[in-house]
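Heads up, the thing below is written out as structure tokens.
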Amino acid sequence: MTFQLFDTATRQIRELVPVHPGHVGIYHCGLTVQGPPHIGHIRKEVVFDVLRRWLERSGYEVTIVANVTDIDDKILSKADEQSRPWFAVAYENERALHAAYEVLGCIPPTYEPRATGHVPEMIEMMQTLIERGHAYVAEDGSGDVYFDVRSWPSYGELSNQKIDDMLPAEDAPPEGKRDARDFALWKGHKDGEPESASWPTPWGRGRPGWHLECSAMAAKYLGDEFDIHGGGLDLRFPHHENELAQSRAAGQAFARYWMHNAMLNLSGSKMSKSVGNSLMVSEVVKRVRPIDLRYYLAASHYRSIVEFSEESLAEAATAFARIEGFVRRAAELVGAGELGEVPEAFAAAMDDDLSVPAALAVLQAKVSEGNTLLAGGDTAVLSATLAEVRTMLDVLGLDPLSPTWDRGGDDAAYAQVIDSLVVGLLEQRQEARATKDFAAADRVRDQLTAAGIEIEDTPQGARWSVKGDT
RNA sequence: GGUGGGUUGGCCGAGAGGCGAGGCAACGGACUGCAAAUCCGUUUACACGGGUUCAAAUCCCGUACCCACCUCCA
């Protein structure tokens, strides 16, 4: 079984043939840390986290690089508004990003390089591009360095566009550009910008352009040729097109496959800070369990637009509750056990361009089987079923028994206290039921229900859980 | 103007020429003291108009609407 993925560059499903057998190198564009991450940003993290987990389970060693763009126009203007250093804004939001990874159970990237830490690599790359005649220093004395798109015949190959069909950028005056579509590799220092936001180059002080940093860092950590370059679909053009042009023009083979996740929409348009329809991860996890949010984000195919709604999020939580309910009940009965193998149909679905919806159908069917076994089947078979279900969930980063989801601290302590109280009440209820005093039994149940506790009668006796928390 | 993608049952969401994906909700049944949970069953959908084919949700042509990108964006 080999992994197939949809390659945006060729617009077809292709078998993954890594540069180095047994190893997969992935670069995906992280965040420009001008604000905390919203759930659209984290959708991308979940998508690549699932990719990573699946490739690792398939036996590959995976190196993941996700950059942090810690300098750009918006970071500078936000810092200016708040009268803080630009790096204070950048670090604060980088920490918010890490908190979001953690709360949603995303394994951190192998390397997470910051743009400002790779200026020498960028200068070297610009020198190469200038020598080869693909880049030039602006003639207006601004200190900008531009890529010459007319010098690179295949420019537009990734987004399937012809240079002459593109609308030239309207926002900025042509300044020192030879062609309006030329893009900045490096931005010369401007009056009014803090001195700390500029670095010396042979062409004067300035700061990194967005596109160049990714090319430089991908090559540094993954080599001149690597396997998968990913990111949100909105980055295909211009960002990824430009990266591709630069790196190839500098003589590198660059990425073999391009993988783009679709956007998460809210009220019909892409969730983004500029539209003002962002739901921050930190806010959403206050009212939704993180594992439910992850299920919601992971359950759709990564190339499908997700139209966010509270209703579908709630529905996802209900669907996941059935899965989680099985795992917990089974684990109470036969023990958590070890992870094992994944059913073949599940593997086939995942190998088919990460078809999570089809994989989930396999998982749901296993849960049904498991629930039937729970009602009085062979415990050895039940253990095996539980192992399969948990292994599938682990691939999706959704194993409820994983320590990832332990909230620890006070919660754990309170849980013990509550457990002893509830168990005491359940014993009273059981005594009442034994003497057929159902009115008394129901009073206990109503009391617990009113307190937000759900009771489930199983062949092994009553078990309880906090409502909405399984 | 250019480049991609989409429109599937009450809802969410897969599929990409012939077998009713799956989930949620609803209803019926089993189980239960009654419930809940669970299991079983029921509900035949593919924007519209043409065409190709023995056979179309799936391929082709046209129409409408939606999204993304061409400007900072995951």
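For clarity, every value in this text was computed on a predicted model and none was experimentally measured. Proteins come first, then strands; the chains are lettered A, B, ... in the order of their sequence lines, and each starts at number 1.
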Between [M] and [N] - [atom1] atom distance, rounded Å:
{"N": "B:U52", "M": "B:U58", "atom1": "C1'", "answer": "13 Å"}
{"N": "B:C69", "M": "B:A74", "atom1": "P", "answer": "11 Å"}
{"N": "B:G29", "M": "B:A68", "atom1": "C1'", "answer": "48 Å"}
{"N": "B:C27", "M": "B:A64", "atom1": "C1'", "answer": "37 Å"}

Describe, in one word, how the ring planes of A:His229 and A:Trp258 are oriented to each other, choosing from parallel (under 30°), tilted (30 to 60°) and perpendicular (over 60°). parallel

Under 4.0 angstrom, heavy atoms only, what part of the nucleic acid is [X] near: base, sugar-phosphate, or nothing?
{"X": "A:Phe237", "result": "sugar-phosphate"}
{"X": "A:Ser269", "result": "sugar-phosphate"}
{"X": "A:Gly30", "result": "sugar-phosphate"}
{"X": "A:His260", "result": "nothing"}
{"X": "A:Lys270", "result": "base"}
{"X": "A:Asp457", "result": "base"}
{"X": "A:Thr8", "result": "nothing"}
{"X": "A:Gly230", "result": "nothing"}

base_contact_polar (B:A37 base, A:Arg329 side chain, donor-acceptor, <3.5 Å): no

Applying salt bridge (charged side-chain N to carboxylate O under 4.0 Å, His left out), can you list everything that pairs with [X], at least two apart in sequence or on another chain?
{"X": "A:Arg150", "value": "A:Asp164, A:Asp179"}
{"X": "A:Arg303", "value": "A:Asp353"}
{"X": "A:Glu315", "value": "none"}
{"X": "A:Glu102", "value": "none"}

What residues from residues 31-50 of chain A pass a heavy-atom cutoff of under 4.0 Å to RNA chain B? A:Leu31, A:Thr32, A:His38, A:Gly40, A:His41, A:Lys44

The correct set of residues in residues 387-397 of chain A placing a heavy atom under 4.0 Å from RNA chain B is none

Side-chain donor/acceptor pairs under 3.5 Å, residues 355-366 of chain A, sequence neighbours excluded:
| unit_1 | atom_1 | unit_2 | atom_2 | d |
| --- | --- | --- | --- | --- |
| A:Ser355 | OG | A:Asp352 | O | 2.6 |
| A:Gln364 | OE1 | A:Arg322 | NH1 | 2.7 |
| A:Lys366 | NZ | A:Glu369 | OE1 | 3.2 |
| A:Lys366 | NZ | A:Glu388 | OE1 | 3.1 |

Would you say A:Phe147 and A:His134 make side-chain contact, with heavy atoms under 4.5 Å? yes

Results of ring pair (Phe, Tyr, Trp, His ring centres under 6.0 Å) for A:Phe226 - residues two or more places apart only: A:Phe254

Do any N or O atoms of the protein come closer than 3.5 Å to N or O atoms of nucleotides 1-5 of chain B, and which pairs are they?
| unit_1 | atom_1 | unit_2 | atom_2 | d |
| --- | --- | --- | --- | --- |
| B:G1 | N2 | A:Asp165 | O | 3.2 |
| B:G2 | O2' | A:Asp165 | OD2 | 3.3 |
| B:G2 | N2 | A:Gln161 | OE1 | 3.3 |
| B:U3 | O3' | A:Asn160 | ND2 | 2.8 |
| B:U3 | O2' | A:Ser159 | O | 2.9 |
| B:G4 | OP1 | A:Asn160 | ND2 | 2.6 |

Closer than 4.0 Å, any side-chain N/O of A:Asn371 to the OP1 or OP2 of B:C39? yes

Side chains of residues 43-51 of chain A: which donor-acceptor partners sit under 3.5 Å, not counting sequence neighbours?
| unit_1 | atom_1 | unit_2 | atom_2 | d |
| --- | --- | --- | --- | --- |
| A:Arg43 | NH1 | A:Ala262 | O | 2.9 |
| A:Arg43 | NH1 | A:Met263 | O | 3.0 |
| A:Arg43 | NH1 | A:Ser304 | O | 3.0 |
| A:Arg43 | NH2 | A:His301 | O | 3.0 |
| A:Arg43 | NH2 | A:Ser304 | O | 2.8 |
| A:Lys44 | NZ | A:His28 | ND1 | 3.2 |
| A:Lys44 | NZ | A:Cys29 | O | 2.3 |
| A:Asp49 | OD1 | A:Ile107 | N | 2.9 |
| A:Asp49 | OD2 | A:Arg53 | NE | 2.8 |
| A:Asp49 | OD2 | A:Arg294 | NH1 | 3.1 |
| A:Asp49 | OD2 | A:Arg294 | NH2 | 2.8 |

Would you indicate which nucleotide in B:A37, B:A35, B:C72 comes nearest to any side-chain atom of A:Ser274? B:C72

Nearest to side-chain heavy atoms of A:Cys29, which nucleotide of B:A74, B:G33, B:C70: B:A74

With pairs taken as Watson-Crick or G-U wobble and both distances under 3.5 angstrom, which stems of at least three consecutive pairs involve RNA chain B? B:1-7 with B:64-70, B:10-12 with B:22-24, B:26-30 with B:38-42, B:47-51 with B:59-63

At under 4.0 Å between heavy atoms, which parts of nucleotides 21-28 of chain B does protein reach? Answer with one letter per nucleotide, 5' to 3': B base, S sugar-phosphate only, - none. BSBBS---

